[in-house]
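Structure record follows, encoded as structure tokens.
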Amino acid sequence: MIHVAVFGYGTVGKGVAEVIDRNNDIVSSASGDKVSVKYILDLLDFPGDPNEAKIVHDVNVIISDPEVSIICETMGGTGAAYKFTKAALEQGKSVCTSNKELVAKHGAELMKLAKANGCAYLFEASVGGGIPILRTLTTALTAERITQIAGILNGTTNFILTKMEEEGAGFDETLKKAQELGYAEADPTADIEGHDTARKISILADIMSGHFTDSDNVPTTGISGIDKSDIALASKAGFKIRLLGIADRADDDSVSTVVAPFMLSKSHPLAGVCDVFNAIFVTGNMLGETMYYGKGAGSLATASAVVADVIDAARKGSSTMYPGWDDVPVKARNAAGEKHRYMVRFDAGNSDKARALFEGAEEIGVCEGKFGLITGPADRIDTGNGIVENVIEIYE
Ligand code: HSE
């Protein structure tokens with residue numbers, strides 16, 4: 001019997017218990033022995049829940065039980081989750097997690113600790129939910145020199161942007177709707193301000209480069225500044241707006257990362273990614289472009305990736321670890337001097353001034369009382385400077 005414990009009985013933790021239960025024949029046969037959840041750690045009790053009897057409140061009950069060989073950490077955060085993960089790995093228990101914040105901050109250290117203790121620290125579910133992107137990068141694409149990873153990595157913001165697009169609605173009312181539908185958290189800051197995407201693109205950049213990319217240092221702009229006029233102007237010009245996390249790698253292995261809303265030509269595969277779906281667009285020097293698409297959030301989709309890691313940990317222990325990355329900071333790519341095209345938004349009353357300021361730019365016209373232009377290749381344009389209300393870079 002392979003005894004598993006789940007840390008945190010929230011959305012993903014409940015999904016893990018359900019996947020192990022409903023797909024028990026498949027999970028057990030792939031693992032080489034019967035897999036069973038022995039404990040669930042949570043602060044709360046869950047009266048009436050089918051797993052009520054497995055709930056424990058003291059982590060030491062689990063850490064000190066030699067029968068438990070694998071932990072699914074679905075608590076989130078870098079406080080107790082970090083402490084409990086370290087304690088589990090030190091006891092030789094493999095940890096499989098969906099906790100992107102912890103992986104982005106302490107992944108290198110935790111992988112090292114796992115290796116030293118003959119167990120594994122696995123985190124397929126931390127990026128792209130159920131999309132198997134980490135395994136793809138570390139197995140199928142190992143003959144490639146990856147030059148860029150660009151991803152729609154956050155379901156909440158993608159839902160909001162596509163609903164604004166479909167319904168011509170404003171940001172605030174669409175966010176409210178996303179909260180009512182359970183797609184956005186009561187406190188949506190980490191999603192809408194891009195911090196969740198920054199953690200995920202950092203993990204992808206870590207894997208791409210083999211070095212540490214601090215998610216706190218990723219230049220990050222969220223979607224709260226996107227007005228319905230931006231969406232309408234972009235659409236009129238043949239673009240969609242998507243929140244992207246992008247990691248670029250130069251020939252000298254330096255890496256730059258960014259999170260921001262970008263303009264995507266409507267014909268680009270990422271522009272067709274709607275609602276809560278995620279997609280990761282990977283460019284390799286031999287293979288060219290590939291895209292990986294699927295549910296980037298949600299209980300069962302994310303839990304499926306956690307349980308796939310459980311199976312790997314059960315079958316291969318520490319030898320299943322990703323090539324990983326070290327804790328040496330990645331060399332920063334110097335993007336100074338690079339020029340991009342931008343969509344610039346102004347109040348319609350300032351259109352003459354805008355034309356004079358951006359002479360030669362392509363005019364989109366007026367939508368929702370706002371005037372839009374598309375510049376030629378230019379240095380970064382700042383907002384809040386005179387008549388410029390918003391600037392969105394074109395991804396190309
Ligand atoms: N809040 C995240 C999202 C959940 O909206 O994508 C998955 O990490």
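Scope of the values below: all heavy atoms of this structure, side chains included, with no hydrogens, waters or symmetry mates. Counting convention: from 1, in listed order, for ligands and their atoms alike.
Side chains of Asn24 and Ser28: a donor-acceptor N/O pair is present below 3.5 angstrom, by distance only. Side-chain polar atoms of Glu109 and Tyr82 form a donor-acceptor pair below 3.5 angstrom. Side-chain N/O atoms of Ser224 and Glu193 include a donor and acceptor closer than 3.5 Å.
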Checklist entry - Yes or no on salt bridge (charged side-chain N to carboxylate O under 4.0 Å, His left out) for Glu166 and Lys163, after CA distance, side-chain angles and deciding distance? => result CA-CA 5 Å; Glu166 284 163 16; Lys163 284 293 164 250; 2.9 Å; yes
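Every protein residue with a heavy atom nearer than 4.0 Å to ligand 1 is included here: Lys100, Asn154, Gly155, Thr156, Asp191, Asp196, Lys200, Gly296, Ala297.
The backbone N or O of Val37 sits less than 3.5 Å from a side-chain atom of Lys54, completing a donor-acceptor pair.
Under the side chain to side chain contact (heavy atoms under 4.5 Å, CB included) test applied with Tyr9, the options Ile55, Thr74, Val16 reduce to a single match, Ile55.
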